[in-house]
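Reading through the structure tokens given below for one structure.
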Amino acid sequence: MSPVKSYLAAQREIDDAVARVLTSGTYILGPEVAAFEHAFANWLGAPFAVGCANGTDAIVLAIKACGIEAGSKIATVSHTAVASVAAIELAGCKPVLLDVAEDEFTVDVQELALLLARESDAGDPVKAVLAVHLYGQPASIRDIRVLCDQHGAVLIEDCSQAHGARVDRQRVGTFGRAATFSFYPTKNLGAFGDGGAVVTADPAVAQRLRRLREYGWDSDRLSREPGMNSRLDELQAAILSVKLASLDRGNARRRVIAGRYDAAFRDLLIQLPAQRRGQEGVFHQYVIRSPRRDDLRRLLLDQGVATGIHYETPVHAQPAYMGRVSLGPSCCYRTEQLCREILSLPISPEMTDSEVSFVCGAMIRCQ
């Protein structure tokens, strides 16, 4: 999504919200943050939402608030934004990186089951699972929750790309002990700067989140435990409240565009995004796979269609992590293959029908 287009779509309301904050004299953790937290929690169907500075901090705070001790193993995927893994290490924990499912972009549940059983039998159990709902596509969250319950692992959802995605009509972010969101400007719900939130149904976790995001302070500003400075500011909260009102409409438009792509591309020699029964994605990205990805990307650019690759290098293959992070049983071989084939096509609520048709035509001509 273009942040400029999203601003222009609600310019008057956003300008009014910004002016309201600027004239209020309250800029950090004031009534705008409280109002957005309440509205966002209600929209999700969750009891509590706690704003913070960004999506990476949201994961760190969720890990700490759920009582996961430093040095614990946390399982997640290698095919994700590096922030997911960086946050685990920032919380003092050890990431174990798993492969994706066959023909999908989210965690391989069978490999997760093997890992949880293997580590439990070895006496060094995985203490948490960070389930990433990538590209707006829900992970197999019900199966993941069953596995976590069986092995005593805490389930945390990373919903940074999946604001509003559903599984059996229940929004992601409401299945685990906690869930994290990023409001980076390009997200389906994006601020005009950094921002994040942690969602939970546990009042004790919510209370601890509010302490941890502000130095571990209690109501008397005494640090009861070590915390951090990760506060959502009033300006961003006010803007997010405005944009939240149109999020369902924007997600619906993304699904319409994805449906047009599916129909236009069904006979092409590419793999389309998986659509599991009972799941409703929100298409933060529309990602195809092609063994001739790089050639296809060049041909599309020649026709005026810019594309992206999210993410070209798996986390375990990046210099900061290569050779030192633990991998699951498959050593992420499917992840390495898909990273050579994935291509993100343009998609945003602001795309016109003619722009969608232009992309469709260009793709067909490139085959």
Side-chain angles (χ1 to χ4, degrees), residues 55-102 104-135 139-141 143-161 175-180 310-340 342:
T56 306
D57 283 1
I59 298 173
V60 175
L61 289 164
I63 291 169
K64 291 178 177 291
C66 288
I68 302 166
E69 296 180 352
S72 298
K73 292 179 180 178
I74 298 180
T76 192
V77 284
S78 185
H79 184 52
T80 182
V82 73
S84 303
V85 180
I88 292 171
E89 293 198 327
L90 286 168
C93 296
K94 300 175 182 177
V96 182
L97 304 186
L98 300 177
D99 214 343
V100 293
E102 188 71 37
E104 295 179 3
F105 301 121
T106 56
V107 67
D108 181 346
V109 175
Q110 291 183 336
E111 183 172 28
L112 175 61
L114 289 173
L115 176 74
L116 293 176
R118 184 187 73 185
E119 300 304 289
S120 293
D121 291 344
D124 188 16
V126 172
K127 295 298 180 67
V129 174
L130 181 65
V132 181
H133 303 293
L134 197 69
Y135 305 145
S140 298
I141 198 65
D143 294 336
I144 295 169
R145 186 169 67 180
V146 169
L147 289 173
C148 287
D149 290 345
Q150 289 175 349
H151 293 276
V154 173
L155 173 57
I156 299 172
E157 297 175 75
D158 181 349
C159 306
S160 294
Q161 298 186 9
F175 290 90
R177 183 137 187 239
T180 67
H310 306 87
Y311 300 89
E312 190 165 16
T313 305
V315 175
H316 72 272
Q318 298 191 28
Y321 301 95
M322 188 184 301
R324 70 171 188 84
V325 292
S326 298
L327 302 182
S330 75
C331 294
C332 297
Y333 78 92
R334 283 193 297 273
T335 293
E336 293 184 356
Q337 180 180 1
L338 76 85
C339 285
R340 294 189 291 268
I342 50 175

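In what follows, every heavy atom counts, from backbone to side chain, and hydrogens, waters and symmetry copies are set aside. One-based numbering along the sequence shown.
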Exercise for the section: Answer whether the closest heavy-atom distance between the side chains of Y321 and V82 falls below 4.5 Å. Expected result: yes
Practice task
Would you indicate whether the side-chain heavy atoms of K127 and C93 approach each other to under 4.5 Å?
Solution key: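 Side-chain contact under 4.5 Å: no.
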Please name the pair of heavy atoms, one in [X] and one in [Y], separated by the smallest distance, quoted to 0.1 Å.
X: V126; Y: A153; result: O-CB, 3.7 Å
X: A139; Y: V132; result: CB-O, 3.9 Å
X: K64; Y: A91; result: NZ-O, 4.1 Å
X: A58; Y: T180; result: O-CG2, 3.4 Å
X: V325; Y: P95; result: CG1-CG, 4.2 Å
X: Y311; Y: I342; result: N-CD1, 3.3 Å

As an exercise, state the distance from [atom1] of [X] to [atom2] of [Y], rounded to the nearest 0.5 Å.
X: I74; Y: I59; atom1: CD1; atom2: CD1; answer: 9.5 Å
X: L115; Y: S330; atom1: CG; atom2: OG; answer: 10.5 Å
X: L98; Y: T106; atom1: CG; atom2: OG1; answer: 11.5 Å
X: C66; Y: I156; atom1: SG; atom2: CD1; answer: 4.5 Å
X: E336; Y: R334; atom1: CD; atom2: CZ; answer: 12.0 Å
X: Q161; Y: F105; atom1: CD; atom2: CZ; answer: 11.5 Å

Problem - Donor-acceptor contact present, side-chain S78 to main-chain V315, <3.5 Å - result: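 Flag set: sc S78 to bb V315 pair under 3.5 Å.
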Exercise for the section: Report the C-alpha separation of H133 and I141 in whole Å, then their side-chain angles, then the decisive distance to 0.1 Å, and conclude whether the side chain to side chain contact (heavy atoms under 4.5 Å, CB included) test is met. Expected result: CA-CA 9 Å; H133 303 293; I141 198 65; 4.0 Å; yes
Practice task
For the pair T335 and V77, evaluate side chain to side chain contact (heavy atoms under 4.5 Å, CB included) and give the outcome as yes or no after the intermediate values.
Solution key: CA-CA 9 Å; T335 293; V77 284; over 6 Å; no
Handout entry: Lys/Arg N to Asp/Glu carboxylate O, E89 vs R324, below 4.0 Å
Key = yes
Problem - Side-chain donor-acceptor contact under 3.5 Å, E119 with H151 - result: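 Judged by distance alone, the side chains do not pair up.
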Handout entry: Flag if over 12 foreign heavy atoms under 6.0 Å of CD, E69
Key = no
